[in-house]
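First up is the structure itself, then whatever we jot down about it.
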Amino acid sequence: MATTSIAVVDDRLFAAVLARADDALILGHRLSEWCGHAPMLEEDLALANIALDLIGQARLLYEYAATIENAGHTEDDYAYRRDPHQFRNILLVEQPNGDFAHTIIRQYLYSAFAHAFWQAMTSSADAALAAIAAKSVPESAYHLRHAAEWTIRLGDGTEESHRRAQDALDALFPYTGEMFAIPETETDLIVGGILADPATIRPAWTASLDRILAEAGLAKPQSTWMQSGGRRGRHSEHLGHLLAEMQILPRSYPGAIW
Amino acid sequence: MATTSIAVVDDRLFAAVLARADDALILGHRLSEWCGHAPMLEEDLALANIALDLIGQARLLYEYAATIENAGHTEDDYAYRRDPHQFRNILLVEQPNGDFAHTIIRQYLYSAFAHAFWQAMTSSADAALAAIAAKSVPESAYHLRHAAEWTIRLGDGTEESHRRAQDALDALFPYTGEMFAIPETETDLIVGGILADPATIRPAWTASLDRILAEAGLAKPQSTWMQSGGRRGRHSEHLGHLLAEMQILPRSYPGAIW
Amino acid sequence: AGRLGAFQARIDAEQKIEPNDWMPEAYRRTLIRQIAQHAHSEIVGMLPEGNWITRAPSLRRKAALLAKVQDEGGHGLYLYAAAETLGVARETLVEQLLSGGAKYSSIFNYPTLTWADIGAIGWLVDGAAIMNQIPLCRCSYGPYARAMIRVCKEESFHQRQGYEIMTVLARGTTAQRAMAQDALDRWWWPCLMMFGPPDGESQHSDASTRWKIKRFSNDELRQKFVDATVPQGHYLGLSFPDPALRFDEATSHWHYGAIDWDEFRAVLRGDGPCNRDRLAARNRAHENGAWVREAALAFAEKRRRKAAA
Amino acid sequence: AGRLGAFQARIDAEQKIEPNDWMPEAYRRTLIRQIAQHAHSEIVGMLPEGNWITRAPSLRRKAALLAKVQDEGGHGLYLYAAAETLGVARETLVEQLLSGGAKYSSIFNYPTLTWADIGAIGWLVDGAAIMNQIPLCRCSYGPYARAMIRVCKEESFHQRQGYEIMTVLARGTTAQRAMAQDALDRWWWPCLMMFGPPDGESQHSDASTRWKIKRFSNDELRQKFVDATVPQGHYLGLSFPDPALRFDEATSHWHYGAIDWDEFRAVLRGDGPCNRDRLAARNRAHENGAWVREAALAFAEKRRRKAAA
């Protein structure tokens with residue numbers, strides 16, 4: 001056996017579903033790293049809760065991807081047996097937890113998008129995706145509320161919390177562009193009403209940001225330069241380390257059932 | 001393939017050699033984690049240098065172990081294809097780097113032993129081990145000098161460096177007992193003059209500690225309680241994380257040549 | 001003496017004592033110590049299992065483990081709340097934990113070394129905890145008894161989940177089977193120690209029994225655990241690391257060998273494999289989170305003033 | 001004008017300028033900037049490769065990579081020393097790096113994503129660096145020229161090592177071959193940019209050429225690199241991510257396509273994939289190490305006083 005990695009088919013819907021599953025899994029994994037180490041017990045619970053929701057979303061999406069691919073792969077094959085360059089998550093979700101402000105701002109930037117995205121997806125022409133969206137909407141609403149409230153609290157808390165929140169916002173904002181970029185492979189899916197058009201989601205995202213950052217007293221970064229690459233499998237250096245830890249058991253015991 | 005791990009023979013000399021190789025590899029790996037992140041450029045170089053020596057020692061020892069085992073295994077099989085419980089290094093060397101004081105004190109406690117050990121081993125009845133010892137003596141002399149000088153510098157530097165050095169010493173001292181414990185499987189090797197008797201090494205170790213700690217103004221921990229388990233494959237939680245990162249490529253691509 | 005008599009009469013009649021009821025200071029102190037110790041155990045207990053969340057070998061297991069550790073945090077939260085009904089602030093209790101002044105279950109001072117340890121903790125550690133805790137559902141102090149009902153329900157779910165992990169491993173590959181056996185070997189004796197010292201040496205028991213905080217002796221509970229667990233292990237084809245273990249036809253109990261109480265006392269005084277790591281991890285989380293808690297307080301204060309203005 | 005004339009005459013005669021010799025301020029400033037930038041590049045360059053030390057796939061590769069990164073630190077050290085001969089303190093230069101005020105080679109703002117990147121960096125990045133640096137071994141400033149002789153010797157060893165890594169991958173499994181190709185795809189264009197803007201747009205070149213700090217133009221060096229490297233890649237059966245690449249029989253050079261100078265400028269102004277991570281890593285190491293450097297200073301001072309007393 002020369003590799004324990006799987007190869008996956010080249011299909012547009014499959015790729016689009018896999019990419020969203022990867023977003024949810026990687027962000028869920030990052031949040032799960034906090035477990036037992038959060039600033040207060042209530043946040044240990046809240047972050048674990050959000051992580052659980054996201055891993056749950058990832059599992060539904062992988063399951064659907066497996067149906068589309070029809071190659072006998074399971075959710076665990078996708079999660080544990082792909083190399084970093086085979087992951088299609090956006091770079092934002094793989095960024096390290098950093099301090100609590102980085103985790104919250106990352107979550108806020110993502111959830112403000114994801115909530116609007118899943119809302120739009122409830123009317124997807126693809127019934128399976130619409131069903132996953134319907135389940136995800138109340139979850140993402142909670143994730144957004146939690147992250148937005150903390151963003152305000154940190155932004156308008158102490159001098160230190162304000163500084164940390166602004167640092168996090170400045171550092172993470174360049175990773176938001178990928179949420180709105182449309183890979184060439186997805187244009188047909190958008191035209192076909194299967195995927196929500198990011199352009200229709202941006203107004204809700206921008207409105208949320210303007211309102212929450214104003215209330216938090218945080219300055220919206222003016223930089224228009226954006227990082228990208230995740231959707232093409234070109235990640236940051238962080239993803240490889242995350243996956244090494246996540247995948248070590250299935251990689252060490254190929255074929256074992258756990 | 002149900003596992004990418006190897007099984008190794010149960011042989012006393014082989015086990016003893018493997019255990020010393022594991023000590024050197026794991027400590028070398030830990031030191032290599034500093035590369036590019038040390039407090040000053042000179043220490044980036046020094047820590048890398050010591051790491052290189054240790055990895056070099058590990059390679060010689062693994063090579064000799066492979067000869068004894070005679071099962072077609074290579075140094076890389078031992079390093080990359082054993083599970084954590086198959087490693088036989090002492091717990092001291094797998095402890096996390098912590099701050100620079102923890103790294104230095106760990107190195108000092110180990111090197112003060114290792115230098116005396118390799119000196120004694122130059123007259124081992126086993127010619128191969130005696131040759132490895134001869135090569136290791138000047139290296140361990142340098143490691144000891146480097147760590148001892150820094151121990152003194154930190155202990156007698158600022159209030160903060162003194163506190164950090166004392167904290168590190170208190171935290172790591174309970175891991176020194178394993179260096180002097182004699183696993184049942186090694187008594188014959190000691191009687192046969194193949195392995196140095198730790199009892200004959202302790203005076204040199206204690207003398208070094210008394211002298212260096214006195215000069216550093218650090219208090220020798222009075223606790224007589226000692227951690228153990230490494231030589232039996234019962235490690236701390238830290239080793240699994242270290243190996244997950246170290247082994248991910250060979251585990252993901254079984255059989256590939258790099 | 002009249003109040004004390006009436007108090008004991010209510011307890012004897014299996015009536016619950018509630019927060020606003022009069023109670024003897026010793027009763028209050030005993031309960032605070034016990035509930036706090038229990039809460040601390042849940043919190044510290046998040047660490048050994050949390051150590052495997054990022055390495056769980058399947059998404060289903062990852063989600064289940066995350067949910068389990070979250071449950072433990074939840075238990076900690078409502079146990080602290082139960083303790084607060086006795087007039088002690090959560091901050092005070094947390095400070096006692098962080099400074100090393102308060103105890104927590106020694107079992108969490110052992111490391112989780114393989115995935116099988118997650119199975120073993122569910123099966124054995126939660127199994128032992130349930131034995132200890134089921135009688136507490138009838139504890140004389142109302143808030144504690146009610147908290148324990150919820151805790152026990154969730155713990156027994158965790159226990160079944162742990163046993164299921166062990167089952168899969170025991171029926172898995174050679175390596176997985178060895179992993180399961182090794183976990184049982186390492187966790188068995190520490191789990192027996194979870195029930196505390198042998199009856200002759202146990203402190204606090206007399207008053208706790210009279211107050212119906214404690215309804216069974218340490219040795220009684222330990223025997224119940226052994227009797228329930230040994231057949232489960234044998235069913236999986238695993239062996240217990242106790243050569244003296246045998247079924248005693250006369251008593252219908254599993255007889256077990258001598259427990260190493262020196263190890264128990266060593267871990268209790270701080271010399272277990274992970275005592276320092278566990279306390280260090282809790283302290284690090286607390287220190288790293290200080291600025292967050294300060295920010296939340298400052299924000300709440302600002303909003304309060306704004307609302308008042 | 002006499003001093004200046006004499007200075008230029010010495011340079012024209014290929015004599016070395018030494019630290020205590022008179023030199024024009026602009027010459028000194030140019031050299032400080034260039035040597036510092038070079039030193040910073042070595043230091044920052046430790047990070048992308050250091051990223052793979054803990055995951056190197058064999059012990060031989062692990063040792064070689066560690067030794068290589070150590071060499072880079074060493075280059076940094078003696079380049080800082082060469083800069084110090086021009087009257088600027090290493091601390092000043094380091095501060096400039098940490099504050100983001102000083103430049104370093106943009107190539108290190110790209111991430112190392114697979115093991116093949118370690119091969120590609122050795123083969124391509126060190127290969128390009130050598131093209132730039134070999135002429136500097138004859139630079140008019142003595143300490144810089146001598147430092148470069150040592151640097152070049154080690155770099156060319158690294159370059160061969162990198163090519164050997166690529167060779168093994170290119171002849172390895174399908175996955176390894178894909179890894180090698182992907183690394184070449186990602187590193188090729190950034191490596192061409194390492195030679196700087198096209199000749200027409202390059203600053204500083206005129207004076208640098210007159211002072212024999214710079215002996216070849218950016219485009220000349222770039223062409224040399226392409227000509228040397230393309231056959232090496234083809235020999236491994238790899239393809240270059242440039243559809244315009246073709247051998248021009250007339251000129252005997254490899255013709256390459258248009259370079260995306262927008263990307264070059266973006267990375268230069270801080271908008272590369274890793275600019276922030278690299279500077280953050282250097283700053284973190286510096287801040288975390290502050291107490292160590294203070295301790296070393298305090299200790300030295302104590303000993304000095306003791307010796308004096």
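Here the structure is a predicted model, which is why all the values come from computation and not from measurement.
- Of the two parts of A:I248, only the side chain, counted from C-beta on, holds a non-hydrogen atom closer than 4.5 Å to a non-hydrogen atom of chain C.
- Most heavy-atom pairs under 4.5 Å with chain C, from the set A:A38, A:G36, A:P39, A:A101: that is A:P39.
- Proximity to chain A is limited to the side chain of C:L47, based on heavy atoms less than 4.5 angstrom apart.
- For the atom pair CD1 of C:I53 and CG of A:L31, the computed distance is 11.5 Å after rounding to the nearest 0.5 Å.
- With a threshold of 4.5 angstrom between heavy atoms, A:I55 approaches chain C through side-chain atoms but not through N, CA, C or O.
- Closest approach of A:C35 and C:M46 over heavy atoms only: SG-CE, 4.3 Å.
- Of all heavy-atom pairs between A:L52 and C:A63, the closest is CD2-O, 3.2 Å.
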Report the donor-acceptor contacts between chain C and chain A below 3.5 Å as a table, one pair per row.
from: C:T54; atom 1: OG1; to: A:E245; atom 2: OE2; distance (Å): 2.9
from: C:A56; atom 1: O; to: A:Y80; atom 2: OH; distance (Å): 2.7
from: C:S58; atom 1: N; to: A:Y80; atom 2: OH; distance (Å): 3.3
from: C:S58; atom 1: O; to: A:Y80; atom 2: OH; distance (Å): 3.3
from: C:L59; atom 1: N; to: A:D76; atom 2: OD1; distance (Å): 2.9
from: C:R61; atom 1: NE; to: A:W258; atom 2: O; distance (Å): 2.6
from: C:R61; atom 1: NH2; to: A:W258; atom 2: O; distance (Å): 3.1
from: C:K62; atom 1: NZ; to: A:H29; atom 2: ND1; distance (Å): 3.2
from: C:Q70; atom 1: NE2; to: A:L45; atom 2: O; distance (Å): 3.1
from: C:Q70; atom 1: NE2; to: A:N49; atom 2: OD1; distance (Å): 3.4
from: C:R90; atom 1: NH1; to: A:E42; atom 2: OE2; distance (Å): 2.7
from: C:R90; atom 1: NH2; to: A:E42; atom 2: OE1; distance (Å): 2.9
from: C:R90; atom 1: NH2; to: A:E42; atom 2: OE2; distance (Å): 3.4
from: C:Q176; atom 1: NE2; to: A:I257; atom 2: O; distance (Å): 2.8
from: C:R282; atom 1: NH1; to: A:G36; atom 2: O; distance (Å): 2.7
from: C:R293; atom 1: NH1; to: A:P39; atom 2: O; distance (Å): 2.8
from: C:K302; atom 1: NZ; to: A:D156; atom 2: O; distance (Å): 3.0
from: C:K302; atom 1: NZ; to: A:D156; atom 2: OD1; distance (Å): 3.1
from: C:K302; atom 1: NZ; to: A:G157; atom 2: O; distance (Å): 3.0
from: C:R303; atom 1: NH1; to: A:E215; atom 2: OE2; distance (Å): 3.1
from: C:R303; atom 1: NH2; to: A:D156; atom 2: OD2; distance (Å): 3.0

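- Neither the backbone nor the side chain of A:A58 comes within contact range of chain C; no heavy atoms are under 4.5 Å apart.
- Within the 4.5 Å cutoff, side-chain heavy atoms of C:L59 are placed close to those of A:L25.
- Ranked by heavy-atom pairs shorter than 4.5 Å toward chain A, the options C:I43, C:V292, C:V168 are led by C:V292.
- For A:A79, the part lying near chain C is the side chain, with the backbone staying farther off; criterion is any non-hydrogen pair under 4.5 Å.
- Of all non-hydrogen atoms in C:G76 and A:L41, the two that sit nearest each other are C-CD2, 4.3 Å.
- Heavy atoms of other residues, nucleotides or ligands lying less than 6.0 angstrom from CD1 of C:I149 number more than 12.
- Residue C:M166: no heavy atom, backbone or side chain, is found under 4.5 Å from chain A.
- Contact tally against chain A (heavy-atom pairs below 4.5 Å) for C:G289, C:G73, C:A298: the top residue is C:G73.
- Between chain A and the options C:A300, C:A290, C:G119, C:A67, the largest number of non-hydrogen pairs under 4.5 Å is found for C:A67.
- Closest approach of C:P57 to A:P250, counting heavy atoms only: O-CG, 3.5 Å.
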